Amino acid sequence: MANSKFQYTREFELDDSLLRDCFIVVRIDGKGFHKFSTAHNFEKPNDANALMLMNRAAQAVFEEYPDVVVAYGESDEYSFVLRRDSALYTRRASKIATSFASLFAASYVFYWPQFMSTPMLYPPSFDGRCVLYPTRRHVRDYLSWRQADCHINNPHNTCYWALIQQSGMSPTDAMQRLTGTDSGDKNELLFSSYGINYNQLPAMFRKGTTLLRCSWRPRWSATTAPSSSVASLASCRTTKTLSA
């Protein structure tokens with residue numbers, strides 16, 4: 001950086017270095033994706049191609065940053081867990097969050113034609129944040145929390161769209177019909193009314209997707225989703241685990 005009389009302005013920058021010896025989790029969230037998915041005719045309640053596109057964008061982030069050891073995604077969000085001893089960008093929160101979000105968004109746009117049949121009408125937007133977790137238990141609980149979000153939301157959405165698409169209900173009536181129901185009620189509704197066994201739906205819909213580093217690369221395409229909710233990456237030749 002050039003040394004000039006204006007360099008003093010750098011002193012106004014905030015030091016946002018993250019605490020050492022903690023796991024960094026970067027969560028990427030889609031902004032206004034309800035509107036985006038509607039405008040681009042995403043299949044409801046789950047669009048396999050759109051989810052695979054999210055996975056591909058996450059893979060690009062995974063491959064760019066070796067410090068990421070595991071990632072989990074569902075719906076329009078992805079969480080990336082960095083090594084506890086990561087020194088990426090000297091652990092500056094703003095630099096990490098913005099770099100992850102911008103690469104994810106750019107990859108989402110770049111790979112769109114490979115997975116989606118409709119043209120992109122306007123660019124998507126993703127925000128990013130960094131959260132620190134001191135132990136492996138906290139990281140496990142965080143990932144369990146995000147998967148619990150999938151377990152709660154997807155059965156509801158599956159029922160909601162079945163009521164609208166197959167029973168002709170209005171969105172208001174469908175929401176009212178589901179008010180006060182638990183997971184058992186929703187499973188019974190799907191099976192008895194529509195012949196849908198929720199447990200036999202693709203794992204990617206029910207559980208989300210976990211990315212791990214392995215020595216082999218899966219064959220992903222716009223029409224073939226993985227049979228499991230776990231996808232592996234070949235960008236790193238050795239499997240890395242969370243340090244204690």
Side-chain angles (χ1 to χ4, degrees), residues 16 18-19 21-34 36-37 46-47 50-86 88-89 91-108 111 124-154 157 203-214 218 220 225-226 228-233 235-236 239-243:
D16 61 350
L18 296 167
L19 188 66
D21 202 28
C22 291
F23 295 104
I24 302 173
V25 174
V26 184
R27 185 162 80 246
I28 306 298
D29 273 308
K31 180 179 179 294
F33 251 65
H34 177 74
F36 184 85
S37 63
N46 294 288
D47 190 309
L51 291 173
M52 292 300 292
L53 174 58
M54 288 285 293
N55 294 341
R56 186 61 186 87
Q59 180 184 346
V61 175
F62 218 115
E63 292 175 337
E64 178 67 20
Y65 296 105
D67 281 1
V68 177
V69 294
V70 64
Y72 173 76
E74 56 102 4
S75 186
D76 64 343
E77 72 170 58
Y78 242 99
S79 296
F80 300 89
V81 181
L82 278 68
R83 293 179 60 84
R84 192 174 191 170
D85 59 357
S86 174
L88 181 65
Y89 299 135
R91 296 178 74 90
R92 285 178 290 167
S94 58
K95 181 112 179 189
I96 295 173
T98 55
S99 296
F100 275 55
S102 61
L103 178 57
F104 192 97
S107 300
Y108 190 92
Y111 291 111
S125 176
F126 295 86
D127 65 59
R129 74 201 71 179
C130 295
V131 185
L132 293 178
Y133 293 99
T135 69
R136 286 181 293 175
R137 179 179 64 83
H138 290 106
V139 173
R140 287 196 301 266
D141 287 349
Y142 169 81
L143 294 173
S144 296
W145 171 50
R146 300 321 304 146
Q147 190 171 65
D149 186 73
C150 181
H151 281 307
I152 293 171
N153 290 336
N154 195 66
N157 292 337
M204 183 171 63
F205 298 166
R206 295 181 289 109
K207 301 179 180 180
T209 301
T210 300
L211 301 185
L212 302 171
R213 294 191 185 278
C214 288
W220 287 359
S228 167
S229 61
V230 177
S232 298
L233 302 178
S235 61
C236 185
T239 301
K240 294 183 178 181
T241 58
L242 299 178
S243 57

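It should be emphasised that the depicted structure is a prediction, and the values quoted were computed from it without experimental measurement. Atoms considered below: every heavy atom in the structure, side chains included; atoms not considered: hydrogens, waters and symmetry mates.
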Completion exercise
Note: Leu82 and Phe23 closest approach over all heavy atoms is O-CD2, 3.6 Å

Practice task
Taking the side chain as every heavy atom from C-beta outward, state whether Leu132 and Ile24 have any atom pair closer than 4.5 Å.
Solution key: yes

Exercise for the section: Look at the side chain of Asn153 and the backbone N and O of Asp149, then say whether any donor-acceptor pair between them is shorter than 3.5 Å. Expected result: yes

Handout entry: Phe36 vs Asp76 side-chain heavy atoms within contact, under 4.5 Å
Key = no

Fill in the blank from the handout: The side chain to side chain contact (heavy atoms under 4.5 Å, CB included) partners of Ser94 (sequence neighbours excluded) come to Asp16

Fill in the blank from the handout: Residue set satisfying ring pair (Phe, Tyr, Trp, His ring centres under 6.0 Å) with Phe205, at least two apart, ordered chain then number -> none

Completion exercise
Residue set satisfying side chain to side chain contact (heavy atoms under 4.5 Å, CB included) with Asp127, at least two apart, ordered chain then number -> Asp29, Arg129

Exercise for the section: Please confirm whether the backbone N or O of Ser79 pairs with a side-chain atom of Arg27, one donor and one acceptor, at under 3.5 Å? Expected result: no

Completion exercise
For Met54 and Ser75, the nearest pair of non-hydrogen atoms, with its separation, is CE-O, 3.8 Å

Fill in the blank from the handout: NZ (Lys95) and CG (Leu18) are apart, to the nearest 0.5 Å, by 14.0 Å

Exercise for the section: Please say whether the positively charged group of Arg146, taken as NZ for Lys or CZ for Arg, lies over the ring of Tyr72, i.e. under 6.0 angstrom from the six-membered ring centre and within 45 degrees of the axis. Expected result: no

Practice task
Sequence neighbours left out, what passes ring pair (Phe, Tyr, Trp, His ring centres under 6.0 Å) with Phe126? Give chain and number order.
Solution key: Phe33, Phe104, Tyr108

Handout entry: Gln147 side-chain N/O to Lys207 backbone N/O, donor-acceptor pair under 3.5 Å
Key = yes

Exercise for the section: Taking all non-hydrogen atoms of both residues into account, name the closest pair between Ala60 and Ser107 and its distance. Expected result: CB-OG, 3.2 Å

Practice task
For residues Arg140 and Leu143, determine if any side-chain heavy atom of one lies less than 4.5 Å from a side-chain heavy atom of the other.
Solution key: no

Practice task
Kindly give the heavy-atom pair with the smallest separation between Ser86 and Asp67, and that separation in Å.
Solution key: OG-OD2, 2.6 Å

Fill in the blank from the handout: Here the gap from Thr209 atom OG1 to Asn55 atom CG, rounded to the nearest 0.5 Å, amounts to 4.0 Å

Practice task
Not counting sequence neighbours, which residues clear side chain to side chain contact (heavy atoms under 4.5 Å, CB included) with Ile152? List them please.
Solution key: none

Fill in the blank from the handout: Between Val61 and Leu103, the two heavy atoms sitting closest are CA-CD2, 3.9 Å

Completion exercise
Minimal heavy-atom distance between Ile96 and Tyr89, with the atoms involved, is CG1-CD1, 3.9 Å

Handout entry: Qualifying residue for salt bridge (Lys or Arg N to Asp or Glu O under 4.0 Å) with Asp21, from Arg83, Arg84, Arg91
Key = Arg84

Handout entry: For Phe80, ring pair (Phe, Tyr, Trp, His ring centres under 6.0 Å) partners two or more places apart
Key = Tyr78, Phe100

